[in-house]
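Every value quoted in this text rests on a predicted model; they were computed, and no experiment measured them. Quick note on labels: first sequence line is chain A, next is B, and so on, each numbered from 1.
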Number of protein chains: 2
Amino acid sequence: MAKATIADIAREAGVSVTTVSRFINGNFSKMRPETRQRIEQTVARLDYRPSASARRMRQQRTHVVGVIVGDISNVFSSLLFKGIYTQLQPAGYDVMLMNSNNSVDEERDEISRLLSQEVDGLIIQPNCKRFSAYSPIVSASIPLVMVDREPDDQPGDIAKVTVDNHGSCRTLAGLLAERGYENVVALSNIRSEISAQMPRLEGLRRGCDEHGMLMIPIEANGHDVAWLTQELRALTGRLAGRTALVSLMGPMLFDTLAALRELGLRFPEDVGVVSFDDWRWSQYVRQGIHLLEQDPQRMGQEAAANLLEQMNADADPYALAKQTTLSVAEIPAPSI
Amino acid sequence: MAKATIADIAREAGVSVTTVSRFINGNFSKMRPETRQRIEQTVARLDYRPSASARRMRQQRTHVVGVIVGDISNVFSSLLFKGIYTQLQPAGYDVMLMNSNNSVDEERDEISRLLSQEVDGLIIQPNCKRFSAYSPIVSASIPLVMVDREPDDQPGDIAKVTVDNHGSCRTLAGLLAERGYENVVALSNIRSEISAQMPRLEGLRRGCDEHGMLMIPIEANGHDVAWLTQELRALTGRLAGRTALVSLMGPMLFDTLAALRELGLRFPEDVGVVSFDDWRWSQYVRQGIHLLEQDPQRMGQEAAANLLEQMNADADPYALAKQTTLSVAEIPAPSI
DNA sequence: TTGTATGCGTTATCAC
DNA sequence: GTGATAACGCATACAA
């Protein structure tokens, strides 16, 4: 049988479509209980479900939010989504999830699709250096929250949720100096135009400068373990004094451990090891690895909460935009 | 400015809405190049984007697919989604993702929402023992693919993508027997009415029977590490002969390792350890842990591919439903 | 307390 | 080649 419509219910229940519409929208204030009951039964009998298509057409709002993450296979993104979802679903919003694959081109296409979908709001882990890539969103006055990364020239009235990448790495440098390290090797793997690893690199550099340590960046960007092994081999031969390896993103730690195994280097004896975002599995690797940890689920919740405020605004949503910086937790372990 | 509509373009370009619609849909066959160009410019100038709401209203199809996963914070689910997404996005489908939290109630609500959204297809990692929970989908003739788990009474014409859970565990039992183990402790953590862990348990039991090993299930369902530690302590005291612990799901391995550490048990010296789905991080834990590995991304791809076939069908979509069973890979490591 | 009629933006049918 | 117009299913202004 074809999908029942509001007209079917009206006919079967012997009332008008208006009354059925009122029923569907829980507007019982002025409705005789018996009418209400009659409609209720008919709805149940025909298994009627309001058409979201017609609804969003008629109303302003779609009750759909778009989310674009950089790489859903990275645990960061899944936890981010989980935080977003647990906020939005109870609030009556459905979520369209897109994976930009850390690609500027894919992201552009996905934004366009979501605008076509007329989403009520957008949460993006952005790939673009220039905010102009996102101006179509602002032109359409669509509530927007940026997460994790930030375009260089992002206006002050655009919401964002980030963590203290710079500060936490600067602090880490201090700790490493205290422990007697003289060299810090920063291992990054940046695939997108912008990355949270950038402020981490800067923070580390700043901290190393402050403590007279040598800071050596290794940008693995797309290279494999063999390449990394090679780089580390060349490096460690040349360095005097104790060296700490800092993995600036979760998945990078995998490659780092693989390279160390290959080189026969042990930690903390031969080198120190620190990592961002390993999601706690590394606690079982030897005696555990010293971690800098963010809370992506919390980030998602914050982002969604602010998005909801913007979406509930009567006037300019961006007036309610909030910029949130969460702290990074330090989980000590004897790997340094 | 308000969002431009097809009527705006028509007015500005001095043509009719029909012609604009033809342009939007790439129907240039009978259109003067100059008309086409005029529309093209106007569309660009007004940054016109077709309204998906109006489209889906008018047409049969929404070009939206709904996906319900059990727990998006489990890497299995993220990889599954990635596989689905990479197939559907290029095919012109947007994806609504829902997280059932392994809850029957949440799942019911989410199915209802997705039916309201009039999705063109549905991929579900199901929670319900009885297929009747999904019959509204079938009543509406909506293409459907079940993934990972399967209701007990699922009809033969409903598509599914699973892995050989039973067989791989039965084979594992054989391997353990060969290695001299006499006891197999199966560690499960089932939160939903059905789980891929169930056929794994059966396979293990079958295999243990065949090789005269003792099979002891520990159902952690929701309990914490302290509880598990207690259970293992009690157990290991009573068992004679070598014992292997088999973690039947990825996250369970965390708790298992924590308990072993607490008990001061080493592997493979004191006990053997095997796990499903650890996503390879455990290779750095001691000398690595013996794994049974599925490929969730591949599962997602298979599911989406079949869904596409069903969605492209003219008549009964279920006539094209395919049931796929993928194999489980064994990744050996000296933990047994 | 309930009903009638209009329009949301698009596509499809038919006319010119 | 192009245009006028009727639907799609619902919510609402306005009637009754």
(request) Could you tell me the separation between the CG atom of B/Asn27 and the C1' atom of C/dT10, rounded to a whole number of Å? (result) 15 Å
(message) Once hydrogens and angles are ignored, does a donor-acceptor distance under 3.5 Å link the base of C/dG3 to the side chain of A/Arg22?
(response) yes
(request) Could you tell me the separation between the CD1 atom of B/Ile24 and the P atom of C/dA12, rounded to a whole number of Å? (result) 13 Å
(request) Find the distance B/Gln59:CD to D/dG9:P and express it as a whole number of Å. (result) 14 Å
(message) Expressed as a whole number of angstroms, how long is the span from B/Ile9:CD1 to D/dG3:C1'?
(response) 17 Å
(message) Students often mix this up, so state it plainly: with edges at 30° and 60°, are the rings of A/Tyr85 and A/Phe81 parallel, tilted or perpendicular?
(response) parallel
(request) Please check the phosphate of C/dG9 (OP1 and OP2 only) for any side-chain N or O of B/Thr5 closer than 4.0 Å. (result) no
(request) Look at the side chain of B/Val15 and decide which nucleotide, out of D/dG3, C/dT1, C/dG9, has an atom nearest to it. (result) D/dG3
(request) Count the heavy atoms belonging to other residues, nucleotides or ligands that lie under 6.0 Å from CZ of B/Arg298, then report whether that count exceeds 12. (result) no
(message) Considering every strand and a 4.0 Å limit on heavy-atom distances, what is the contact class for A/Met31: base, sugar-phosphate, or nothing?
(response) sugar-phosphate
(request) Specify the residue among B/Ser29 and A/Asn25 whose closest nucleotide of DNA chain D lies further upstream toward the 5′ end. (result) B/Ser29
(request) Check every strand shown and say whether A/Phe23 touches a base, only sugar-phosphate, or nothing at a heavy-atom separation below 4.0 Å. (result) nothing
(request) Check whether the side chain of A/Thr18 and the base of C/dT4 form a donor-acceptor pair under 3.5 Å. (result) yes
(message) Within the 4.0 Å heavy-atom criterion, would you say B/Thr35 contacts the bases, only the backbone, or no part of the nucleic acid?
(response) sugar-phosphate
(message) Tell me the interatomic distance from B/Arg36, atom CZ, to D/dT2, atom C1', rounded to whole angstroms.
(response) 16 Å
(message) I need the CD1-P distance between A/Ile39 and C/dT2, as an integer number of Å.
(response) 8 Å
(message) Can you see if the side chain of B/Thr19 gets near the phosphate of D/dG3 - specifically, an N or O under 4.0 Å from OP1 or OP2?
(response) yes
(request) Mark yes or no for a side-chain to base donor-acceptor pair under 3.5 Å between B/Ser21 and C/dA12, with no hydrogen or angle criteria applied. (result) no
(message) If the threshold is 4.0 Å, N to carboxylate O, is there a salt bridge linking B/Arg130 and B/Asp152?
(response) no
(message) I need the CD1-C1' distance between B/Ile6 and C/dG9, as an integer number of Å.
(response) 7 Å
(message) How many whole angstroms separate atom CZ of A/Arg55 from atom P of C/dG9?
(response) 19 Å
(message) Among A/Gln117, A/Glu118, A/Arg56, which residue satisfies the side-chain contact (heavy atoms from CB on, under 4.5 Å) criterion with A/Val64?
(response) A/Arg56
(message) Using OP1 and OP2 only, check whether a side-chain N or O of B/Arg32 sits under 4.0 Å from D/dT2.
(response) yes
(request) Name the nucleic acid region contacted by A/Phe28, choosing base, sugar-phosphate or nothing; use a 4.0 angstrom heavy-atom cut-off, strictly under. (result) nothing
(message) Any carboxylate oxygen within less than 4.0 angstrom of a Lys/Arg side-chain nitrogen, looking at B/Lys129 and B/Asp153?
(response) no
